[in-house]
Number of protein chains: 2
Amino acid sequence: MTYCLAISLDAGLVLASDSRTHGGVDYVRTHSKMHVFGTRSDRLFVLLSAGNLATTQAVVNRIHRDIYDPDAAMSLNTCRYLFEAADYVGEISFQVQQRHAEVLQKSGFNPEASFILGGQIAPQPHGIFMLYAQGNHICASPETPYLQIGESKYGKPILDRVIEPGLSLEDAARCALLSLDSTMRSNISVGPPVELLIYRAGTLVPSRRVSYDLTTPYYASLREQWHQGLNSVFKGLPAFEWE
Amino acid sequence: MTYCLAISLDAGLVLASDSRTHGGVDYVRTHSKMHVFGTRSDRLFVLLSAGNLATTQAVVNRIHRDIYDPDAAMSLNTCRYLFEAADYVGEISFQVQQRHAEVLQKSGFNPEASFILGGQIAPQPHGIFMLYAQGNHICASPETPYLQIGESKYGKPILDRVIEPGLSLEDAARCALLSLDSTMRSNISVGPPVELLIYRAGTLVPSRRVSYDLTTPYYASLREQWHQGLNSVFKGLPAFEWE
């Protein structure tokens, strides 16, 4: 399984992903699920991937190939709007899944994959899209400023409590790290390293990109302070009337 | 959907459930999912139910009927061990599902239901069991002292952070209420009133049974203090090195 999330703020974007993949429970590996495409100075794209690893790797390979192919009908370099880029990636994803769908399904495997595409094409605003396995997509909005793919339920409550569009990039990044932490504590199919990318609107380059293991001092300290803080708030909660 | 949970502690049991049921999104109603059976002084049973409402109501009706039927082959009054009670309820549940399975499945409905059965038969210890739709069951253990049915993921992180067998009944009850709160904030298919039952080991009667709406002063205050406390801990988290 996988857990990736993206947050669209007034100040820019925060994207985060875990790195655990597995075939069944006995072939557990580490693969980055965060792919950055920044070949033209007027645009930046970050793609987060979940689902069948062969599908997601094939999609990323085709996106790279199209960028450098002057004859490609469409590429991340030639699309004019973020939603066109989402259409384009969704179409590639659907094609790749279809290619192996019949034989995979006969063998009991699922070729499906889903993606979050975030970025900016100047001079238009930044944004994030979630691409379903069928190739269609939705974008975030001020009322729902975050998107998730993969094992999304464990880490949703903290997002619902904290995230709003006016939050600072760093606060949203901390919230994303906590959302991943809650998920990793409750589900072993989601695991480190945790990748985090912060994009400040209008800059067209990643502002920060970091990778944290559980022992990386900053992430270890964040997780510990949060855990201790929660337990301390818990101990101070009001007593029942009969206590 | 539904969210019910039970916690087995050294001191006794805590059981909690939401009360929202729905057929699709447009027939939303309120039904208690907590059923207490205490007809003999040497035993107490609490049953939490999730899944198809017709199935869970039929199961509860049959359990009641068997208690008062001297010819019943088995009942909650005649079983000798908690695991026998779990076998018995699991068997009834499976029979009820089978009765309507074919016609329901043809109409696109799912007859499945799952249950948590908690209680005590003196002089044996107290315990909790989770009954799958197929009628088999698992029990909690000191390493995994809680069980959940229904929409269980949103409310799991707080349990994983706090619950251990030595916790007081009231602390575990507060944790169960927070677990339900996190779930209700993130998923509208789980809703109030929240029912809570506290059972002190060896007493063979419910110690406390309460029902909270979101506006009930104690629950409102608990939710608000937890929400404020989390936000306050969040604001105090360590800054990134570049901030």
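Here the structure is a predicted model, which means the values were calculated and not measured. Order of the sequence lines sets the chain letters (A, B, ...), proteins ahead of strands, with each chain counted from 1.
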Handout entry: Interface moiety of F234(B) toward chain A, non-hydrogen atoms closer than 4.5 Å
Key = both

Problem - Contacting moiety of E243(B), where chain A heavy atoms sit under 4.5 Å - result: side chain

Handout entry: Side-chain (Q97(B)) to main-chain (A133(B)) donor-acceptor, under 3.5 angstrom
Key = yes

Handout entry: From CA spacing to verdict: side-chain hydrogen bond (donor to acceptor under 3.5 Å, both in side chains), Y132(A), S93(A)
Key = CA-CA 9 Å; Y132(A) 296 102; S93(A) 168; over 6 Å; no

Exercise for the section: Would you confirm whether S107(A), through its side chain, and F109(A), through its main-chain N or O, come within 3.5 Å as a donor-acceptor pair? Expected result: no

Handout entry: Side chain / backbone / both / neither for D160(B) at chain A, heavy atoms under 4.5 Å
Key = side chain

Completion exercise
One option among S152(B), S232(B), A239(B) has the most heavy-atom pairs under 4.5 Å with chain A, and it is A239(B)

Handout entry: Flag for S19(A)-K33(A): side-chain donor and acceptor within less than 3.5 Å
Key = no

Completion exercise
Most heavy-atom pairs under 4.5 Å with chain A, out of A173(B), P238(B), C175(B), belong to P238(B)

Exercise for the section: Answer with yes or no after comparing the ring centroid distance for F240(A) and Y218(B) against a 6.0 Å cut-off, counting only values under it. Expected result: yes

Problem - Y219(B) (side chain) donor-acceptor with L177(B) (main chain) under 3.5 angstrom - result: yes

Fill in the blank from the handout: Cut-off 4.5 Å, heavy atoms of chain B, and the answer for I198(A) is side chain

Practice task
Mind ranking R208(A), E151(A), H227(A), E241(A) by heavy-atom pairs under 4.5 Å with chain B and telling me who comes out on top?
Solution key: R208(A)

Exercise for the section: Check for a donor-acceptor pair, side chain of N52(B) on one end and backbone N or O of A113(B) on the other, with a separation under 3.5 Å. Expected result: no

Exercise for the section: Among the options L222(A), N187(A), D181(A), V210(A), pick out the one with the most heavy-atom pairs lying under 4.5 Å from chain B. Expected result: L222(A)

Practice task
Using a cut-off of under 4.5 Å on heavy-atom pairs, state which of K235(B), K156(B), Q228(B), R161(B) scores highest against chain A.
Solution key: R161(B)

Problem - Residue part contacting chain B, namely of N231(A), when any heavy atom lies under 4.5 Å - result: side chain

